Amino acid sequence: MKKFAALTLVWSMFVAVTFMALKAMFFPPHVDHGPHIEEQQWSTDGIRGNWDREQLLRGYKVATEVCMSCHSFKYISHRNLKNIGITEAKAKEMAEALDLGLNDPILSLLSPEDAKDSYGKEVPDLSVMTKARAKGPDYVYALLTHYVSSETFMTEYGKQIIAGDGQYLNKVFPGYRIAMPNPLSADLVEYEDGTEATVEQMAKDVTAFLTWTGDPLLVEKKRLGVIVFLYLVLFTFLCYKSYKAIWAKVKK
Ligand code: HEC
């Protein structure tokens with residue numbers, strides 16, 4: 001009886017410790033790592049996620065008409081647009097409108113040296129930006145929509161942050177002072193599909209575009225993942241069936 005009680009005690013301790021370890025692993029205690037970045041919904045979310053081609057084309061417009069005056073997208077060329085169903089002729093036409101060839105990387109006219117002179121900092125390439133930052137697209141969207149004046153900053157945070165020369169205040173940029181002037185303002189671009197060009201809309205569209213430049217095959221990879229998974233399930237089932245069939249004879 002004593003042995004049983006001791007065993008039960010050890011066993012329940014073991015269960016409790018395992019439970020706590022698992023809980024800490026999957027639901028870590030909330031630690032504040034800086035400004036809160038709100039989660040957004042993206043068309044590529046989930047296993048059934050897909051590119052929203054209209055949105056990517058709107059994002060392309062913002063990227064090339066606004067961001068490209070400072071930033072490059074060196075890992076992407078217009079040829080890549082074929083994978084979202086843009087014909088080669090159309091992609092070529094789009095490239096030529098920017099004085100580029102179909103296979104040319106999309107480079108800003110602002111050279112890295114001039115950028116450094118103007119902004120005192122390197123202007124980072126944007127092609128894989130959504131992969132390079134924690135919370136990727138959610139962060140980029142938040143960055144583009146969280147520029148604030150120092151008065152707003154003061155009232156919301158109760159502390160005074162002064163933006164120095166060539167610095168702008170942004171609530172989600174680490175350290176709050178960013179060398180990028182707020183690139184978006186309402187109606188900065190005119191969308192061909194009639195969508196209203198609010199700051200939020202442009203930020204959303206250009207971020208979706210950056211998710212694509214960061215991983216143009218994202219959707220294909222997801223599809224392949226699902227197919228591989230289904231294949232493995234089927235394969236396991238077939239193995240089980242053949243195991244049964246083979247051993248049925250032996251057991252007899
Ligand atoms: C006038 C020039 C200019 C324009 C236009 C511009 N940027 Fe920037 N951007 C910069 C500079 C300079 C930096 C470096 C900021 C720093 O590190 O303080 C930067 C940095 C960034 C970063 C990186 C922030 C980080 O966490 O390090 C992102 C993302 C970004 N820009 C996105 C965009 C997008 C999207 C657009 C178009 C809507 C755009 N930028 C337009 C100059 C520009």
Side-chain angles (χ1 to χ4, degrees), residues 33-40 42-44 52 55-76 80 94 97-98 100 105-150 153 161-192 195-216:
H33 290 298
H36 175 66
I37 308 278
E38 214 169 295
E39 230 174 85
Q40 304 294 324
W42 302 101
S43 71
T44 41
D52 174 345
Q55 178 171 54
L56 293 184
L57 288 176
R58 288 195 304 269
Y60 168 87
K61 193 176 175 78
V62 178
T64 51
E65 287 182 15
V66 183
C67 320
M68 209 181 138
S69 55
C70 297
H71 292 278
S72 291
F73 307 83
K74 67 177 170 191
Y75 296 116
I76 207 90
N80 296 101
M94 289 160 82
L98 300 172
L100 293 171
I106 305 182
L107 298 182
S108 171
L109 290 178
L110 186 73
S111 72
E113 296 77 36
D114 288 348
K116 209 156 182 192
D117 279 351
S118 309
Y119 301 102
K121 267 199 169 174
E122 251 159 57
V123 178
D125 187 273
L126 287 188
S127 13
V128 290
M129 185 53 83
T130 55
K131 301 219 130 181
R133 293 287 178 274
K135 305 206 176 152
D138 293 338
Y139 167 73
V140 173
Y141 175 80
L143 183 77
L144 295 172
T145 51
H146 283 79
Y147 276 90
V148 279
S149 66
S150 49
F153 199 93
I161 294 232
I162 311 281
D165 224 16
Q167 286 184 327
Y168 307 86
L169 290 187
N170 189 296
K171 287 208 278 188
V172 302
F173 187 69
Y176 307 119
R177 297 181 188 90
I178 185 165
M180 167 166 76
N182 185 354
L184 298 175
S185 57
D187 297 321
L188 194 58
V189 301
E190 196 177 322
Y191 284 136
E192 271 116 47
T195 304
E196 203 189 333
T198 59
V199 168
E200 287 76 18
Q201 184 71 46
M202 287 182 282
K204 201 84 197 258
D205 295 342
V206 77
T207 306
F209 178 72
L210 293 181
T211 302
W212 177 76
T213 60
D215 194 353

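Bear in mind that the values here come from a model prediction, so they are computed numbers and not experimental data. We count ligands from 1, going down the list as the structure has it; atoms in each ligand are counted the same way.
- Remark: the backbone N or O of Arg58 is not paired with any side-chain donor or acceptor of Asp205 at under 3.5 angstrom.
- Distances below 4.0 Å separate heavy atoms of Val66 from the following atoms of ligand 1: 5 (C).
- Side-chain atoms of Thr130 never come within 3.5 Å of backbone atoms of Pro137 as a donor-acceptor pair (strictly under, hydrogens ignored).
- Counting non-hydrogen atoms of neighbouring residues, nucleotides and ligands closer than 6.0 angstrom, the OH atom of Tyr75 reaches no more than 12 such neighbours.
- Listed here is the closest heavy atom pair of Thr145 and Ala203: CG2-CB, 3.7 Å.
- When non-hydrogen atoms are compared, ligand 1 lies under 4.0 Å from the backbone of Ala179 as well as from its side chain.
- Nearest heavy atom pair, residue Asp138 against residue Gln40, reads OD1-N, 3.1 Å.
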Any chance you could lay out the ring-ring contact (aromatic ring centres under 6.0 Å, His included) test for Tyr147 and Tyr168, step after step, and finish with the verdict?
CA-CA 8 Å; Tyr147 276 90; Tyr168 307 86; 7.1 Å; no
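- The protein atom (non-hydrogen) at minimum distance from atom 24 (C) of ligand 1 is Leu143 CD2, 3.7 Å.
- Between the Ser72 side chain and the Ser108 main chain, a donor and an acceptor come within less than 3.5 Å of each other.
- Within the 3.5 Å criterion, the main-chain N or O of Val123 finds no donor-acceptor partner in the side chain of His71.
- Arg133 NH2, 2.8 Å is the protein heavy atom nearest to atom 27 (O) of ligand 1.
- For ligand 1, the atoms closer than 4.0 angstrom to any heavy atom of Ser69 are 5 (C).
- Counting only distances under 2.8 Å, and ignoring water, the protein N, O or S atoms around atom 8 (Fe) of ligand 1 are His71 NE2, Met180 SD.
- Distances below 4.0 Å separate heavy atoms of Met129 from the following atoms of ligand 1: 23 (C), 29 (C).
- Among all non-hydrogen protein atoms, the one lying nearest atom 17 (O) of ligand 1 is Lys121 NZ, 3.2 Å.
- Although no hydrogens or angles enter the test, the distance criterion places no donor-acceptor pair under 3.5 Å between the side chain of Asn170 and the main chain of Ile178.
- In the vicinity of Tyr139, heavy-atom distances shorter than 4.0 Å reach the ligand 1 atoms 24 (C), 25 (C), 26 (O).
- Residue contact check: Leu144 has heavy atoms under 4.0 Å from atoms 34 (C), 35 (C) of ligand 1.
- At a threshold of 4.0 Å, the pair Glu192-Lys61 counts as salt-bridged, since one of the basic side-chain nitrogens sits closer than that to a carboxylate oxygen.
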